[in-house]
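Contents: one structure, followed by commentary.
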Amino acid sequence: MQPDLLPGASAASVLLHLHHHSPLVHCMTNDVVQTFTANVLLALGAAPAMVIEAEEAAQFSPLAGALLINIGTLTSERQGAMLAAIQAANQAGTPWVLDPVAVGGLAFRTRFAHEVIALKPAAIRGNASEILALAGEQAGGRGVDSTDDALSALPAAQKLARQTGAVVAVTGETDYVTDGERIIAVSGGGVLMTRVVGTGCALSAVVAACCALPGSMLENVASACRFMSLAGEQAIAVSRGPGSFTPAFLDALYQLNAEVLA
């Protein structure tokens, strides 16, 4: 099936909803990216909260608009807290998003990721190697980095979407977002986005924020990808390297508007 392009009007509408609703995103994310993730959400008009204690996580996730589960620095204790948060979110009808960082390369997190996809995430966002591994296909990967191409992982993403009922975003030079049937391709960004820590993890948080919004889940997730890729392009254009990219990227996210997206 030929991928569709995301209509600019759809992305513009999602951004307006994001600014209007300012969803609270419960981020159970990895230790490396917490500050950057929070700043990205704030720049786009969402509200981040990092609550990781098991008792509090179960209490908090039903109060949030969406829950992010990022397993980048997974521990046994954090695994229990994440399961408690997911179960409470499901009981409350709160959508949750899985970022399966480095799945396939390490056994502990791979087992956990396969366990939680049975608990019905609203969306899954990963690189090509992670999505291939999560779908049970042969995958490469080097730590958190993909050695596979996003397009080559698209059939696995469709398979995973059909198996789980989630919208699956496989990200790379071009992002592909699918519900198992329809596919939306989102281009943009640039290689400098891979030279700073946290752009992919922050994207997963933006996906979670957009899952909290009304409308098409598929187009909401694709719009999250578009926000990040467009802001990345704009930041790269005025940056000299990774050090100047990060503040320029946050500024570009803050200055995104519906007219530019449309």
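Both backbone and side-chain heavy atoms feed into the values below; hydrogens, waters and symmetry mates do not. Note that the structure is predicted; figures quoted are calculated from it, not measured.
F60 meets the ring pair (Phe, Tyr, Trp, His ring centres under 6.0 Å) test with H26; sequence neighbours excluded. Here F249 pairs with F245 under the ring pair (Phe, Tyr, Trp, His ring centres under 6.0 Å) rule; sequence neighbours left out. In this structure, the ring pair (Phe, Tyr, Trp, His ring centres under 6.0 Å) partners of H21, at least two apart in sequence or on a different chain, are H17. Listed by chain and number, the residues in a salt bridge (Lys or Arg N to Asp or Glu O under 4.0 Å) with R182 are D4, E219 (sequence neighbours excluded).
Listed here is the closest heavy atom pair of A205 and V25: O-CG1, 4.2 Å. In plain terms, the two heavy atoms of G45 and S22 that are nearest each other are O-OG, 2.7 Å. A pairwise comparison of heavy atoms in A231 and A252 identifies O-CB, 3.6 Å as the closest pair. Between A156 and A135, the closest heavy-atom pair is O-CB, 3.6 Å. L42 and P48 make their closest contact through CD2-CD, 3.6 Å (heavy atoms, listed as atom of the first residue, atom of the second, distance). The two residues S223 and S10 come nearest to each other via the heavy atoms OG-O, 4.0 Å.
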Exercise for review: Please lay out, stage by stage, how F108 and S76 fare under the test side chain to side chain contact (heavy atoms under 4.5 Å, CB included).
Suggested key: CA-CA 9 Å; F108 174 62; S76 296; 4.0 Å; yes
Exercise for review: For V103 and I71, run side chain to side chain contact (heavy atoms under 4.5 Å, CB included): C-alpha distance rounded to whole Å, both residues' side-chain angles, the deciding distance at 0.1 Å, then the answer.
Suggested key: CA-CA 9 Å; V103 159; I71 61 172; 3.6 Å; yes
**Study point:** Trace of the side chain to side chain contact (heavy atoms under 4.5 Å, CB included) decision for N127 with V170
**Key:** CA-CA 5 Å; N127 66 35; V170 52; over 6 Å; no
Review point. Taking it one step at a time, do L160 and I117 satisfy side chain to side chain contact (heavy atoms under 4.5 Å, CB included)?
Key: CA-CA 9 Å; L160 188 61; I117 60 172; 4.2 Å; yes
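Note that CZ of R109 and NE2 of H114 are 13.5 Å apart. Values are rounded to the nearest 0.5 Å. Between the SG atom in C211 and the CG atom in N220 there is a gap of 7.0 Å [rounded to 0.5 Å]. A distance of 13.5 Å separates NZ in K120 from CD1 in I86, rounded to the nearest 0.5 Å. Note: L106 CG to L74 CG = 10.0 Å, rounded to the nearest 0.5 Å. The CG atom of L15 sits 12.0 Å away from the CZ atom of R226 when rounded to the nearest 0.5 Å. With rounding to the nearest 0.5 Å, the separation of CE in M193 from CD in E233 is 9.0 Å.
Under the 4.5 Å side-chain contact rule for hydrophobic residues, V101 and M228 do not share a cluster. Grouping the Ile, Leu, Val, Met, Phe, Trp and Tyr side chains by contacts below 4.5 angstrom, directly or via other members, places V167 with L213. Cluster membership for L192 and V33, using ILVMFWY side-chain heavy atoms within less than 4.5 angstrom, is not shared. F112 and M28 fall within the same hydrophobic cluster, defined by Ile, Leu, Val, Met, Phe, Trp and Tyr side-chain heavy atoms under 4.5 Å apart, directly or through other members. The cluster map of Ile, Leu, Val, Met, Phe, Trp and Tyr, joined by side-chain heavy atoms under 4.5 Å apart, puts V168 and L98 in the same cluster.
Within the 4.5 Å cutoff, the side chain of V196 has heavy atoms near those of the P242 side chain. A 4.5 Å side-chain heavy-atom check between V97 and P121 finds every atom pair outside the cut-off. Two residues are said to be in side-chain contact when any heavy atoms from C-beta on lie closer than 4.5 Å; I184 and L218 meet this criterion. For the pair P100/I124, a side-chain contact is recorded, criterion being any heavy-atom separation below 4.5 Å from C-beta on. At a threshold of 4.5 Å between non-hydrogen side-chain atoms, the residues L18 and L44 count as touching. The shortest distance between side-chain heavy atoms of M50 and T37 falls below 4.5 Å. Taking the side chain as every heavy atom from C-beta outward, T171 and Y176 never approach each other to under 4.5 Å. In this structure, the side chains of L203 and F227 stay at 4.5 Å or more apart for every pair of heavy atoms.
Residue pairs meeting the side-chain hydrogen bond (donor to acceptor under 3.5 Å, both in side chains) criterion with at least one partner in residues 234-255, sequence neighbours excluded, do not occur; the list is empty. Each side-chain hydrogen bond (donor to acceptor under 3.5 Å, both in side chains) pair with one or both residues in residues 39-62, not counting sequence neighbours, would appear here, but there are none.
At distances below 3.5 Å, at least one donor-acceptor pair connects side-chain atoms of S229 with backbone N or O atoms of S187. Not a single donor-acceptor pair under 3.5 Å links the side chain of R125 to the backbone N or O of A169. A donor-acceptor contact shorter than 3.5 Å links the side chain of T110 to the backbone of G104.
A salt bridge is defined here as a Lys NZ or Arg NE, NH1 or NH2 lying under 4.0 Å from an Asp or Glu carboxylate O, and D31 with R78 meets this definition.
For D99 and S204, the side-chain atoms include at least one donor-acceptor pair closer than 3.5 Å.
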